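Not measured: the values here are computed from a predicted model. Counting from 1, the numbers follow the sequence of the chain as shown.
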Amino acid sequence: MTFDEQMMHRCLQLAALGMGKVAPNPMVGAVIVHNGKIIGEGYHQEFGGPHAEVNAVNSVKDHSVFSESTIYVTLEPCSHFGKTPPCADLLVEKNFKRVVVGTLDAHAKVFKKGIKRLEDHGIDVTVGVCEKECLDVNRAFFTFHEKKRPFVLLKWAQTKNRLLDNSEGKQGEVSWISKPETQVIVHRWRSELQAIMVGKNTVINDNPSLTIRAVAGTNPTRIVLDSRNEIPSTATVKNSEVETIIFNVEKDGIEKDVLYIQLKELSPQLILESLYERNIQSVLIEGGQRVLQSFIDANLWDEARIITGNTAFKSGTAAPQINGQKIKEEVFFGDHISYLRPL
């Protein structure tokens, strides 16, 4: 591994610290090196706050060394005024000798413009160091800007004989598929995305809260697919704890803190188009089977995380059928988790 790659890997570690806190902005990490040693670090900590480059620069007391320093950053420095001034202008102002960038920014206001700003002022710029890793850490951001839709993560728990529920279970009792401890992992996943989606039947049958009770962070926006508005007013998803959107075919408007959005049909394409218009970059789809399968069949998914427990039910709803490429497998508390992406 080259020195540049080592420094970019450190940037990636820093960028990941912003997980679940910076969307719809990307996660970015930055490292400043002088005479072969790290003298400053920073990352984008929260949406609306200073960017990684600003925090890295501010972590260094003596700014005079920047003229002989290199700053490493996972993403192309921004070149436009948003909630903060352009980072490319800051690097020019501080007279950095060299800038090493992991990958270009997909946002139309930034793409290649930040690089041009730096090069026009005589700064040595290197692009593409650990590019694959830098793209991956912000795959939701890049999916949103390149495909014009949110990043779609599918998740379900299934028994070892591939059932989602227990048709022989007692009313009001939970038939656990995975270990209760695995819930912490699922809640962490929820905290890392902007929205969580389920269908009407999941709400009626389970009355879930769809929050991140088991971990610290920000609750995702709750999205429910309920074409004829059959969910009762007492459903937990209709409380004021978290923003809730209900997609339906009957009405628009806000009622008791719930946003109703009318679509001509609840197709995956129209749902994602509406979420894109609302600047929601990522959505975790947790169920039920028909909702999950509809996004699979429409080929509108980017990753699936399938939890397989050690239990087996005699009968129940069959798990979705998916054709994807397995990227890794993990075991938590005895539960097996498969991570897949489309072929």
> Would you say the rings of Phe111 and His107 are close, in the sense that their centroids are separated by under 6.0 Å?
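No, ring centres 6.0 Å or more apart.
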> Please tell me whether Gln289 and Thr317 have a donor and an acceptor in their side chains that are separated by less than 3.5 angstrom.
no
> Any side-chain heavy-atom pair from Asn58 and Val54 closer than 4.5 angstrom?
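In short, these two side chains touch, coming nearer than 4.5 Å.
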> Please assess Asn207 against Thr236 for the test side-chain hydrogen bond (donor to acceptor under 3.5 Å, both in side chains), listing each intermediate value before the final yes or no.
CA-CA 6 Å; Asn207 193 27; Thr236 303; 3.2 Å; yes
> Would you say the side chain of Val184 lies within less than 4.5 Å of the side chain of Val215, judging by non-hydrogen atoms?
yes
> Please give me the minimum heavy-atom distance between Cys134 and Gly102, naming the atom from each residue.
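Closest approach of Cys134 to Gly102, heavy atoms only: SG-CA, 3.6 Å.
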> Of all the heavy-atom pairs spanning Val291 and Gly199, show the shortest one and how long it is.
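Between these two residues, the closest heavy atoms are CG2-CA, 3.8 Å.
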> To the closest 0.5 Å, what do you measure between NE2 (His187) and CG (Leu210)?
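Atom-to-atom, His187:NE2 and Leu210:CG are 9.0 Å apart.
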> Step by step, work out the side-chain hydrogen bond (donor to acceptor under 3.5 Å, both in side chains) result for Asn219 and Arg213.
CA-CA 9 Å; Asn219 284 309; Arg213 305 174 303 284; over 6 Å; no
> Check this for me, if you would: do Glu192 and Arg190 make a salt bridge, where the nitrogen-to-carboxylate-oxygen distance has to be below 4.0 angstrom?
no
> Quick check: does any side chain N or O of Ser274 sit under 3.5 Å from a backbone N or O of Ile271, one acting as donor and the other as acceptor?
no
> Taking Asp335 as the fixed residue, which of Thr311, Ile307, Thr308 is the one that meets the side chain to side chain contact (heavy atoms under 4.5 Å, CB included) rule?
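Answer after filtering Thr311, Ile307, Thr308: Ile307.
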> If you measure from the Lys or Arg side-chain nitrogens to the Asp or Glu carboxylate oxygens, is any gap between Glu46 and Lys21 under 4.0 Å?
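Not counted as a salt bridge, because no side-chain N and carboxylate O are separated by less than 4.0 Å.
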> Classify the ring geometry of Tyr339 against Trp189: parallel below 30°, tilted from 30° to 60°, perpendicular beyond 60°.
perpendicular
> Could you measure the distance from the OG1 atom of Thr74 to the CD atom of Glu133? Nearest 0.5 Å is fine.
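With rounding to 0.5 Å, OG1 (Thr74) is 11.5 Å from CD (Glu133).
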> Does either side chain, that of Glu329 or that of His336, offer a donor lying less than 3.5 Å from an acceptor on the other one?
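On atom types as modelled, these side chains qualify, holding a pair under 3.5 Å.
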> Check the orientation of Phe96 and Phe66. Use parallel for under 30°, tilted for 30 to 60°, and perpendicular for over 60°.
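Parallel.
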> Hey, are Arg117 and Asp120 close enough for a salt bridge, meaning a charged N less than 4.0 Å from a carboxylate O?
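A salt bridge is absent here (no side-chain N lies under 4.0 Å from a carboxylate O).
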> Decide yes or no for Thr211 and Glu241: does some side-chain heavy atom of the first lie under 4.5 Å from some side-chain heavy atom of the second?
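With C-beta onward as the side chain, the pair touches.
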> So how far is it from Asp136 CG to Cys130 SG, rounded to the nearest 0.5 Å?
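SG of Cys130 is found 12.5 Å from CG of Asp136.
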> With the side chain counted from C-beta on, respond yes when Leu259 and Thr244 share a heavy-atom pair under 4.5 Å apart, and no when they do not.
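A side-chain contact is absent here, since even the closest heavy-atom pair is not under 4.5 Å.
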> With a 4.0 Å cut-off, would you call Glu76 and Lys112 a salt bridge?
no
> Apply side chain to side chain contact (heavy atoms under 4.5 Å, CB included) to residues Leu275 and Phe247 and explain how you reach the verdict.
CA-CA 10 Å; Leu275 295 179; Phe247 283 110; 3.9 Å; yes
> Look at the side chain of Asn323 and the backbone N and O of Leu343, then say whether any donor-acceptor pair between them is shorter than 3.5 Å.
no
> Mind checking the CD1-CG spacing from Ile177 to Asn310? Nearest 0.5 Å is all I need.
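Output value for this atom pair is 12.0 Å.
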> I'd like to know if the side chain of Arg188 and the backbone of Ala214 have a donor-acceptor N/O pair within less than 3.5 Å.
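Absent.
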> Determine whether Val127 and Leu104 satisfy the following criterion, side chain to side chain contact (heavy atoms under 4.5 Å, CB included), listing intermediate values before the conclusion.
CA-CA 8 Å; Val127 180; Leu104 296 173; 4.1 Å; yes
> Any side-chain to backbone donor/acceptor pair from Asn205 onto Asn201? Under 3.5 Å, distance only.
yes
> Using a 4.5 Å cut-off on heavy atoms from C-beta on, say whether the side chain of Arg98 contacts that of Val100.
yes
> Looking at every non-hydrogen atom in both residues, tell me the closest pair between Leu75 and Phe142 and how far apart they are.
CD1-CZ, 3.7 Å
> Distance from Gln45 atom CD to Met27 atom CE, nearest 0.5 Å?
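Going from the CD atom of Gln45 to the CE atom of Met27 covers 14.5 Å.
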> Search all heavy atoms of Ala30 against all heavy atoms of Leu14 and return the closest pair with its distance.
O-CD1, 3.5 Å
> Less than 4.5 Å apart, any side-chain heavy atom of Ser282 and any of Leu153?
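With C-beta onward as the side chain, the pair stays apart.
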> Does the Arg341 side chain pair with the main chain of Gln325, one donor and one acceptor, at a distance under 3.5 Å?
no
> State whether Asp226 and Lys251 are salt-bridged, where the test is any N-O pair (Lys NZ or Arg NE/NH1/NH2 against Asp/Glu carboxylate O) under 4.0 Å.
no
> Hey, is Arg149 close enough to Asp302 for a salt bridge, meaning N to O under 4.0 Å?
yes
> Write down the atom of Ser69, the atom of Ile32, and the distance for their closest heavy-atom approach.
CB-CG2, 4.2 Å
> Strictly by modelled atom types, are Tyr72 and Asp4 linked by a side-chain donor-acceptor pair under 3.5 Å?
yes
> Mind checking the CD1-CD spacing from Ile185 to Gln183? Nearest 0.5 Å is all I need.
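Ile185 atom CD1 to Gln183 atom CD measures 11.0 Å (nearest 0.5 Å).
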> Test side chain to side chain contact (heavy atoms under 4.5 Å, CB included) on Glu286 and Ile196; report intermediate values, then the result.
CA-CA 7 Å; Glu286 287 206 10; Ile196 178 171; 3.4 Å; yes
> Could you tell me whether the side chain of His145 and the main chain of Ala108 form a donor-acceptor pair under 3.5 Å?
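Flag not set: sc His145 to bb Ala108 has no pair under 3.5 Å.
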> Just checking, any donor-acceptor pair under 3.5 angstrom between side chains of Gln13 and Arg10?
yes
> Tell me if a side-chain donor or acceptor on Gln262 pairs with a main-chain N or O of Val249 at a distance below 3.5 Å.
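The answer is yes, because a donor-acceptor pair under 3.5 Å joins these two groups.
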> Going through the checks in order, is the side chain to side chain contact (heavy atoms under 4.5 Å, CB included) test met by Arg305 and Ser338?
CA-CA 6 Å; Arg305 297 176 187 176; Ser338 300; over 6 Å; no
> In terms of side-chain geometry, is the basic nitrogen of Arg139 or Glu303 positioned less than 4.0 Å from the acidic oxygen of its partner?
yes
> Could you tell me whether Lys148 sits above the aromatic face of Tyr276, with NZ or CZ closer than 6.0 angstrom to the six-membered ring centre and within 45 degrees of the axis?
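Geometry flag: not set, cation outside 6.0 Å or 45°.
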> Okay, side chain of Asp206, backbone of Pro208: is any donor-acceptor separation there less than 3.5 Å?
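Looks like no, no N/O pair under 3.5 Å.
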> Have Ser315 and Ser167 got a donor and an acceptor in their side chains that come within less than 3.5 Å?
yes
> Do Lys94 and Asp89 sit within salt-bridge range, that is, some charged N less than 4.0 Å from a carboxylate O?
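Asp89 and Lys94: not salt-bridged.
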> Considering the options Thr221, Leu292, Ile285, Leu284, which one meets the side chain to side chain contact (heavy atoms under 4.5 Å, CB included) requirement together with Met197?
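Single pass found, and it is Ile285.
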> In terms of side-chain geometry, is the basic nitrogen of Lys238 or Asp257 positioned less than 4.0 Å from the acidic oxygen of its partner?
no
> So do Leu91 and Ile71 actually touch side chain to side chain, heavy atoms under 4.5 Å?
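The answer is yes; the side chains approach within 4.5 Å.
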> Do you know the tightest heavy-atom contact between Lys97 and Ile123?
O-CG2, 3.9 Å
> Can you tell me if Asn248 uses its side chain to pair, donor with acceptor, with the backbone of Asn229 under 3.5 Å?
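No; judged by distance alone, with no hydrogens or angles, the pair does not exist.
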> In terms of hydrophobic clusters joined by side-chain contacts under 4.5 Å, are Ile245 and Val242 together?
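Different clusters: Ile245 never reaches Val242 through Ile, Leu, Val, Met, Phe, Trp or Tyr contacts under 4.5 Å.
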> Mark yes or no for whether Thr159, through its side chain, and Leu163, through its backbone, hold a donor-acceptor pair below 3.5 Å.
yes
